[in-house]
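Predicted model only: the values in this text are computed from it and were never measured.
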Amino acid sequence: MTQVASLDPPLQHLLHVWMPRQRWYPAKGRGVSLRPLGGHRLDDPAGEVGIEVHIIGLDSGDRVDVVQVPLTYRASPLPGAEQALVGETTHSELGRRWIYDGTHDPAYVAALLDALQLAPGADRPDAGSGSRVLSGEQSNTSIIVGCGSDRPSIVKLFRTLHPGANPDVEVTAALHEVGCDRVARPVWWLHGSWTAPDGSSAEGHLAVAAEYLAGSQDAWREAVAAVEAGRDFSTSARELGETTAQVHLALARAFGTVPVTGTERKQIVAGLRARVEWAVSSAEALEPY
């Protein structure tokens, strides 16, 4: 009888402690049980690092969020990746192992790039000149690859998974088809399958990549920095509004429009008011505004 290898402490215990501390974790404040729903292994070309991608259901009773968690297993600590350490464990056959969030590990990033499906005419992104994880994202994880090259790329790993085409792939591709150059065109993506919480088969996008616009800044951060520094942001705000309008017009060309009835208009307004009320109730400092 073949003995199955085990981890001590087990992986589920480590994830139970580590995941709620991550910005992308969708079940904050809710007690959950972990349900394995799928996953796959990736190969490290050097054969030294174990690479696994886990698709996990976060079951809180009334809902199940499906998340994607790539992990790497190393025989010694990864220098400079202390903030990405999921935990230490002992493998029953291999001994002590350090488990990392794969997005911070060059071995996983290289394996992910090898797995990406390319759009016609696209070149595969190269992580050989370095990669780094963006720190500002709330619900996904974006990795800049080829940091030292002339043409870096940005890979977005979807943390919360939903069946079907992801809007980050479908919408941006449609915008470029109608000639909109205000968003980066997706040229690589990764598609996969998993078991849905109800036991049926599900499939959808796991990641997407595009050329990275070097020097670009998040508009919200720019606005906050301007306020903190006492700078006038009105010109930039107008330019941002004009760009947003251009994207919305392109969306109309790409996907068409439908007439809005009076009832639907009232529902939209009610939804916007509800969002404002929620924001004020969550942060009393907004009340005067």
Side-chain angles (χ1 to χ4, degrees), residues 11-12 14-15 18-19 22-27 32-45 49-59 63-73 84 86 99-120 122-127 131 133-134 137-145 153-174 184-211:
L11 178 61
Q12 188 173 70
L14 296 177
L15 292 177
W18 176 78
M19 284 197 297
Q22 309 312 305
R23 295 191 66 177
W24 48 261
Y25 185 71
V32 302
S33 60
L34 306 187
R35 293 170 50 185
L37 297 176
H40 53 275
R41 291 178 178 269
L42 297 174
D43 293 327
D44 172 25
V49 181
I51 305 173
E52 296 178 347
V53 178
H54 296 263
I55 298 179
I56 301 168
L58 308 178
D59 190 345
R63 59 181 284 184
V64 180
D65 296 291
V66 180
V67 297
Q68 179 180 197
V69 185
L71 301 172
T72 57
Y73 300 76
V86 175
I99 304 178
Y100 291 93
D101 175 2
T103 59
H104 293 263
D105 192 321
Y108 166 74
V109 174
L112 173 63
L113 297 184
D114 285 341
L116 290 174
Q117 298 149 286
L118 306 184
D123 296 324
R124 190 173 299 280
D126 179 19
S131 64
V133 175
L134 295 183
E137 283 199 293
Q138 185 70 31
S139 56
N140 298 299
T141 300
S142 289
I143 311 164
I144 307 301
V145 299
S153 307
I154 182 168
V155 181
K156 177 178 286 189
L157 181 84
F158 301 127
R159 289 294 192 170
T160 301
L161 301 181
H162 302 280
N166 190 289
D168 276 350
V169 182
E170 185 178 41
V171 173
T172 51
R185 180 171 68 98
V187 289
W188 319 279
W189 55 85
L190 183 62
H191 196 267
S193 60
W194 60 91
T195 300
D198 64 2
S200 63
S201 178
E203 59 180 48
H205 288 110
L206 304 179
V208 65
E211 294 181 352

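Residue pairs meeting the side chain to side chain donor-acceptor pair (under 3.5 Å) criterion with at least one partner in residues 165-174, sequence neighbours excluded, are Lys156-Asp168. Judged as a salt bridge (Lys or Arg N to Asp or Glu O under 4.0 Å), the pairs with a partner in residues 102-112 (not counting sequence neighbours) are, in order, Arg74-Asp105.
With Glu52 contributing its side chain and His40 its backbone, the two residues share no donor-acceptor pair below 3.5 Å. Distance alone, capped at 3.5 Å, is enough to place a donor-acceptor pair between the Gln68 side chain and the Leu206 backbone. Remark: the backbone N or O of Ala210 is not paired with any side-chain donor or acceptor of Arg185 at under 3.5 angstrom.
Annotation: side chain of Val66 is in contact with side chain of Pro197 (closest heavy-atom distance under 4.5 Å). Between Leu113 and Tyr108, the closest side-chain pair of non-hydrogen atoms is not below 4.5 Å. Looking at heavy atoms from C-beta onward, Leu34 lies in side-chain contact with Met19 at the 4.5 angstrom threshold. The shortest distance between side-chain heavy atoms of Val155 and Leu112 falls below 4.5 Å. Leu157 is not listed as a side-chain neighbour of Asn140, based on a closest heavy-atom distance of 4.5 Å or more.
Ion pairing of Arg159 with Asp101 is present here, as a side-chain N (NZ or NE/NH1/NH2) and a carboxylate O approach within less than 4.0 Å. Salt bridge absent: Arg41 and Asp43 never bring a charged side-chain N and a carboxylate O closer than 4.0 Å.
Contact between Pro186 and Val208 at its shortest, heavy atoms only, is CB-CG2, 3.6 Å. Nearest heavy-atom pair across His205 and Ala165 is ND1-CA, 3.5 Å. Here the closest non-hydrogen pair linking Gly102 and Thr72 is CA-CG2, 4.0 Å. Summarising the geometry of Ile55 relative to Ser193, their closest heavy-atom pair is CD1-O, 4.2 Å, with the distance given to 0.1 Å. Trp188 and Ser153 make their closest contact through CH2-OG, 3.3 Å (heavy atoms, listed as atom of the first residue, atom of the second, distance).
Each of Ile56, Leu58, Asp59 was scored for a side-chain contact (heavy atoms from CB on, under 4.5 Å) with Val64, with one residue passing: Asp59.
By the side-chain hydrogen bond (donor to acceptor under 3.5 Å, both in side chains) test, Ser200 is found to be paired with Asp198, residues two or more places apart in sequence or in another chain being considered.
Note that OG1 of Thr103 is 5.0 Å distant from CD1 of Ile143, once rounded to the nearest 0.5 Å.
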